[in-house]
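Here the structure comes first, spelled out in structure tokens, and everything after it is commentary.
Numbered from 1 within each chain, the chains take letters A, B, ... in sequence-line order.
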2 protein chains.
Amino acid sequence: MTYHHGNLRKELLDRAAYVIAEQGIEALSLRALARDLGVSHAAPSRHFADKAELLRALATVGTDRFISYVLAAADAAGDDPLERYAAMGRAFIRFSLVFPAYYRTLTHPDVTAHADEDLKAASERHRLVIHDAARAAQAAGWLPDEKTEDAVLFSIATVRGTAAIMNDPLSSKTEDDTEAQIRRIVRLIIDPDTLNAKNKATRSA
Amino acid sequence: MTYHHGNLRKELLDRAAYVIAEQGIEALSLRALARDLGVSHAAPSRHFADKAELLRALATVGTDRFISYVLAAADAAGDDPLERYAAMGRAFIRFSLVFPAYYRTLTHPDVTAHADEDLKAASERHRLVIHDAARAAQAAGWLPDEKTEDAVLFSIATVRGTAAIMNDPLSSKTEDDTEAQIRRIVRLIIDPDTLNAKNKATRSA
DNA sequence: AATTGAAGTTGTCATTGACAACATTTGACC
DNA sequence: GGTCAAATGTTGTCAATGACAACTTCAATT
């Protein structure tokens, strides 16, 4: 038994993400995690002061992945600011389905209620990415009459709520074509009808 | 020491709601609940098979309160279907702030993932209330071109996401005038542009 | 009055998170 | 190369918790 595992912190985070995705965040136990990695029950405490700190670390990692995922979707959508913003909205929702562990962690009361500096910083980075894209979209005609703050809150609320519904067995109608549903909802945010004639023409072209 | 408490089930639910509102849902413990009510540690098991069942019962009660709260707001808004729907949206968001315990319970993974028949039935009642109001709003001109299912998903997602953000210390900007913020967001769902003559003309053209 | 089932009690167990005290490894410094 | 301090892992222990079993009391029906 190697005394030094060498990479325990990262492996704990990875294994935790796996367990949460497979069995839900309620099933996560530090001791079980330690057992899974063949390490003593107190080993995790060397890397995370308590369980909440592990969850916060996971949320921080998740936020950065979130940012990468959303930015990649924007870049894949091309240069048009409205198309980019719509693509980011779709990616936002999709993220919760692709990485359920991060989604669960990011919406866990223990995490959001007691964020540490790392998580707050990551969260701020995330906020900036969305705001910048929203500003560009507004300049291109999206909800041009609205305060940017309200427009951002509105769109984030919608995609976040959609993600919540789709991750909620009670509400989700388990639509066969989830992706099409996502597109339709995001279309209602970036509503072509609220755009000026120029954009309308561009879209119907 | 009265052997028969007489009203334990209801008192457990009330106390649980109080504790969740005060200290968060993670702090809820069956044994502490029993202590608070001056009852033995196993007494709750006579009324709830396990902790999750108590949470589900709380969610069921909460759903019914939710329905009452939202319907009352609609009735206070008068007869116009669009005004009623907007009022329901605002009430939807406000509910999460007024009854945090129910909100937490209704979004708890343990509850949504393992709903029992009672909760499913309550959830279905809730769905019907929203759908009926949405249908009426559509008939009155709200997103008239959209499939009702999509229009409902869109509006529920937005109010639900707004509630999530406002209950999330990481995201909420702790706006001084929450109520005004709620109104502005709901206005973006029930877009005034879809109401005024100019846009109506554009749409029907 | 007897009985029966609902409701509450005591006792116990395994699991868990947290903590303390100890052991080993690593790497920096001489 | 040797020494030492810090990082990392280990064993041992504790209190709290949820769950369960076995026993007790109460109330309602007959």
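A donor-acceptor contact closer than 3.5 angstrom is absent between the side chains of T63(A) and Y102(A).
In this structure, H47(A) does not reach the dA7(D) phosphate: none of its side-chain N or O atoms is under 4.0 Å from OP1 or OP2.
In this structure, R46(A) places its CZ atom 15 Å from P of dT24(C), rounding to the nearest Å. In this structure, the CZ atom of F48(B) is 18 Å from the C1' atom of dC20(D), given to the nearest Å. We find that NZ of K10(B) is positioned 16 Å from P of dA7(C), with the value rounded to whole Å. Rounded to an integer number of Å, the gap from CG of N7(B) to C1' of dG8(C) is 15 Å. Rounded to a whole Å, the CG atom of L37(A) is 16 Å from the P atom of dT8(D). To the nearest angstrom, C1' of dA7(C) lies 12 Å from CG of L12(B). Atom CD in E26(A) sits about 12 Å away from atom P in dG17(C), given to the nearest Å. To the nearest angstrom, C1' of dA27(D) lies 17 Å from CG of L8(B).
Between R187(B) and E146(A) there is a salt bridge, since at least one side-chain N of the basic residue sits less than 4.0 Å from a carboxylate O of the acidic one.
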In a table with atom names and distances, give each donor-acceptor pair under 3.5 Å that connects a side chain of residues 66-74 of chain A to protein atoms at least two apart or in another chain.
from: S68(A); atom 1: OG; to: D64(A); atom 2: O; distance (Å): 3.1

Tabulate below the donor-acceptor pairs under 3.5 Å that side-chain atoms of residues 157-169 of chain A make, not counting sequence neighbours, or state none.
from: T158(A); atom 1: OG1; to: F154(A); atom 2: O; distance (Å): 2.9
from: T158(A); atom 1: OG1; to: T158(B); atom 2: OG1; distance (Å): 2.7
from: R160(A); atom 1: NH1; to: D168(B); atom 2: OD2; distance (Å): 3.4
from: R160(A); atom 1: NH1; to: S171(B); atom 2: OG; distance (Å): 3.2
from: R160(A); atom 1: NH2; to: D168(B); atom 2: OD2; distance (Å): 2.9
from: T162(A); atom 1: OG1; to: T158(A); atom 2: O; distance (Å): 2.7
from: N167(A); atom 1: ND2; to: S96(A); atom 2: OG; distance (Å): 3.0
from: N167(A); atom 1: ND2; to: A163(A); atom 2: O; distance (Å): 2.9
from: D168(A); atom 1: OD1; to: L170(A); atom 2: N; distance (Å): 2.8
from: D168(A); atom 1: OD2; to: S171(A); atom 2: OG; distance (Å): 3.0
from: D168(A); atom 1: OD2; to: R160(B); atom 2: NH1; distance (Å): 3.4
from: D168(A); atom 1: OD2; to: R160(B); atom 2: NH2; distance (Å): 2.9

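Every side-chain contact (heavy atoms from CB on, under 4.5 Å) that A27(B) has, sequence neighbours left out, goes to Q23(B).
Of the possible donor and acceptor atoms, none in the side chain of E26(B) sits under 3.5 Å from a partner among the backbone N and O of P109(A). Side chain of T105(A) to main chain of A101(A): a donor-acceptor pair is present (N/O by atom type, distance under 3.5 Å, no hydrogens or angles).
Helix-axis bend for the helix from dA1(C)-dT30(D) to dC30(C)-dG1(D): the local axis fitted to the five terminal pairs at one end deviates from that at the other end by 10°, rounded to 10°.
A heavy-atom distance below 4.5 Å is not found between the side chains of R56(B) and D118(B). For the pair W142(B)/I189(B), a side-chain contact is recorded, criterion being any heavy-atom separation below 4.5 Å from C-beta on. When side chains are defined from C-beta on, E53(A) does not count as touching H114(A), because their heavy atoms never get closer than 4.5 Å. Looking only at side-chain heavy atoms (C-beta outward), V19(B) and E22(B) stay at 4.5 Å or farther from each other.
Listed by residue number, there are no residues of residues 102-113 of chain A with a heavy-atom contact under 4.0 Å to DNA chain C.
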Each nucleotide in nucleotides 14-19 of chain D should get exactly one letter: B, S or -. Can you fill that in based on protein heavy atoms under 4.0 Å? ---BBB

